[in-house]
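A short write-up of the structure that comes next.
Keep in mind that the numbers below use all heavy atoms, side chains included, and drop hydrogens, waters and symmetry copies. Atoms within each ligand, like the ligands themselves, are counted from 1 in listed order.
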Amino acid sequence: MEAKRSKMKWLWENMKGYRAMYVLGLFGTVLYNALHLTIPIFSQQIVDKFLSGENAARNLENNKELLIRLLVGMVAVTFFRTVIVYITCLDFERVSQGVLYRVRNFLFRKIEHQDMKFYDVYRTGDLMTRLTGDLDAVRHMIAWVIRMIIESFSLMLAAAVYFVYMDWRLALSLLAIAPFIFLIIVLFRNKVAPMHALLREKLSQMNTAVQENIDGNRVVKAFAREEYEKQKFDERNREYSQTNQETSFVWLHFFPYVETFANLLPVVLLLVGGIFLINENITMGEYVAFSGLTWALANPMRQLGGIMNEFQRFSAASRKVMEIYYSEPTIVDAPAPVEAPERLKGKIEFRNVSFAYEHRPVLHHISFTVEPGQTIAIMGETGCGKTSLIQLIPRFYDATQGRIFVDDMDVRDYRLHDLRKNIGMATQDVLLYSDTIDGNIAYGDSSMSHERVRRFAEYSAAAEFISKMPEGYDTIVGERGVGLSGGQKQRISLARALAIKPSILILDDTTSAVDMETEKHIQDALEHLEFPCTKIIIAQRISSTRRADKILVLKDGRIEEEGTHAELVARKGYYYELVKLQGGIEEETREELKGGEVRG
Ligand code: DUT
Ligand code: MG
């Protein structure tokens, strides 16, 4: 009960600005139904005065005016009701769409500001479901369910009051059925609520399957797994469809009982009302009014099942929506952030930093310092924690232990925005937006000039291939940069990182897919940047790292070796082996060319 109340409260909070309009709409609904009840009042008068009773013929003769007035009144009320329905429909539509728009925007902002941990937990398909299907269930609640609840109860209440007013004994015998109906509805609710939660889960699973297949279509094709994926999807689709059916079937189990009770109403009226009529406890007109109003009890009873169904759908959906609505990122601005200068100097220090994903330790006691303008290279086997390490600097994650300083200030003391706008990053898997190449490079600053975009494309050795594209910088690169090679995407992402002129540049395997020649061009450009910049370069090739001021070699999340190229070669450790392996290949080729024997 507690949870339900807070859901309604949440809904009410989000109706801010629309509340008056909404209440007016609900009032219109009540008015509409109240007016509906006047029809039997009119007909009761017509029957009693003009159709039955001793004076009927005389009244018809002398009091025609009243008859006409009653008939005109009936028509006028009906017309007025139509107008009210029209207006309330508009009203509900406007309120529900307005609330939907607002909540959706709010959710998007929430998602946008979440940290990596959030994205590790929530699947894209599931988040999409929350933003679309679930939100629509919330809208439906505002536009239809609440209105139906009000309509049903106001109708029943008004009918009950009118019945009691006419004859309380007959009224009670009809209303005796109501408790049974409510009992059935409560039983139904208990049964159907978990079904809706399950249904919601199945929908999300199906959406996730679709999203992953669209996303990973290349992999599916490469492995010729279309049949497998089709089957997998078919399964999800069937599960969703079946759960949907089962959910509808729940009502079918309860429906006959409700229907029986609803159909009992006219029977009770015929029996009890007949006896009352014979005993002249009620007039014929009153009997007609009673019988003309039994629908006002029976219809809401029949509708309660459907309403409860929709209410449970809302309940399951809103739980999902509210989870995101009230989610808070763990990585946020410092409560009292330092006033950072427009441009940081770019000194970086790790002081005894350890890090774990959930419960999986990845980095252990990492300490090192990079002075402003220096270049540091990070090497090590795949999975040793290189990407994890650099993600701590812009606070994609927070260190589990130890501290990280930028310009001698703990990264957690900055405003996230101040810190991150100083960091240019080219991530390991490149994501380009569906936009022009120009737009992609200028992503960090929409007001960037074309000239600047071109200059940085030059630095990252992208200018040449861009100029060969059909529309140059205006070429649209598709979702995830379809239509570009891996190395081309890497170069655009490098240009994007450089173009914001960051104080700290982080390159995660950014030149792994470009040829040696291009890589050399990029390195020269990086060494002669027009702005001061500290560089962190993750790479596997010695050619990318040998000129760094400092090289860190990671092994299983620990710093194994640290020093310059010369120092590490002299140390004859992992780095030396790497040099031998990579340099060795070159030598081997040289030997071969000379026609000499191949060395072992
Ligand atoms: N890991 C997780 N969760 C994540 C990312 C990584 O548990 O979200 C693990 C996998 C790996 C370790 O952390 O065992 C280090 O991963 P990282 O991506 O830092 O490794 P890397 O050095 O960047 O590897 P590569 O050279 O393949 O990019
Ligand atoms: Mg990595």
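- Counting only heavy atoms from C-beta outward, the side chains of Pro502 and Ile423 never approach each other to under 4.5 Å.
- Note: an N/O pair closer than 3.5 Å links Arg360 and ligand 1 by distance alone.
- Residues Tyr576 and Glu561 bring no donor and acceptor atom of their side chains to less than 3.5 Å of each other.
- Considering only non-hydrogen atoms, atom 1 (N) of ligand 1 lies nearest to Tyr357 out of Tyr119, Tyr357, Phe355.
- Closest to atom 18 (O) of ligand 1 among all protein heavy atoms lies Thr387 CB, 3.6 Å.
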### Task
Evaluate the criterion side chain to side chain contact (heavy atoms under 4.5 Å, CB included) for residue pair Thr208 and Arg236; output intermediate values, then yes/no.
CA-CA 10 Å; Thr208 303; Arg236 296 265 165 85; 5.5 Å; no
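- Nearest protein neighbour of atom 27 (O) of ligand 1, counting heavy atoms only, is Thr382 OG1, 2.6 Å.
- Considering only non-hydrogen protein atoms, atom 28 (O) of ligand 1 sits nearest to Gln428 NE2, 2.6 Å.
- Counting heavy atoms from C-beta outward, Tyr414 and Leu344 have side chains that approach closer than 4.5 Å.
- Side-chain atoms of Gln312 never come within 3.5 Å of backbone atoms of Met195 as a donor-acceptor pair (strictly under, hydrogens ignored).
- Where the criterion is an N or O separation shorter than 3.5 Å, residue side chain and backbone included, Gly385 meets it with respect to ligand 1.
- When side chains are defined from C-beta on, His565 counts as touching Ile542, because their heavy atoms get closer than 4.5 Å.
- Of the possible polar contacts, one joining the Arg420 side chain to the Pro394 backbone as a donor-acceptor pair under 3.5 Å is found.
- Side-chain polar atoms of Ser327 and Lys110 form no donor-acceptor pair below 3.5 angstrom.
- For the pair Arg225 and Tyr228, the cation-pi test (distance below 6.0 Å, angle within 45°) is passed.
- With sequence neighbours excluded, no residue forms a salt bridge (Lys or Arg N to Asp or Glu O under 4.0 Å) with Arg546.
- Inspection of the Asp115 and Thr330 side chains reveals an N or O donor paired with an N or O acceptor under 3.5 Å.
- Applying the 4.0 Å criterion to heavy atoms of Val362 picks out, from ligand 1, the atoms 12 (C), 13 (O), 15 (C).
- With respect to atom 24 (O) of ligand 1, the closest heavy atom belonging to the protein is Gly383 N, 2.8 Å.
- At the top of the distance list for atom 26 (O) of ligand 1, counting protein heavy atoms only, stands Lys386 NZ, 2.7 Å.
- Protein atoms that are N, O or S and lie under 2.8 Å from the Mg ion (ligand 2) are these: Thr387 OG1, Gln428 OE1.
- The protein non-hydrogen atom at the shortest distance from atom 17 (P) of ligand 1 is Ser388 OG, 3.5 Å.
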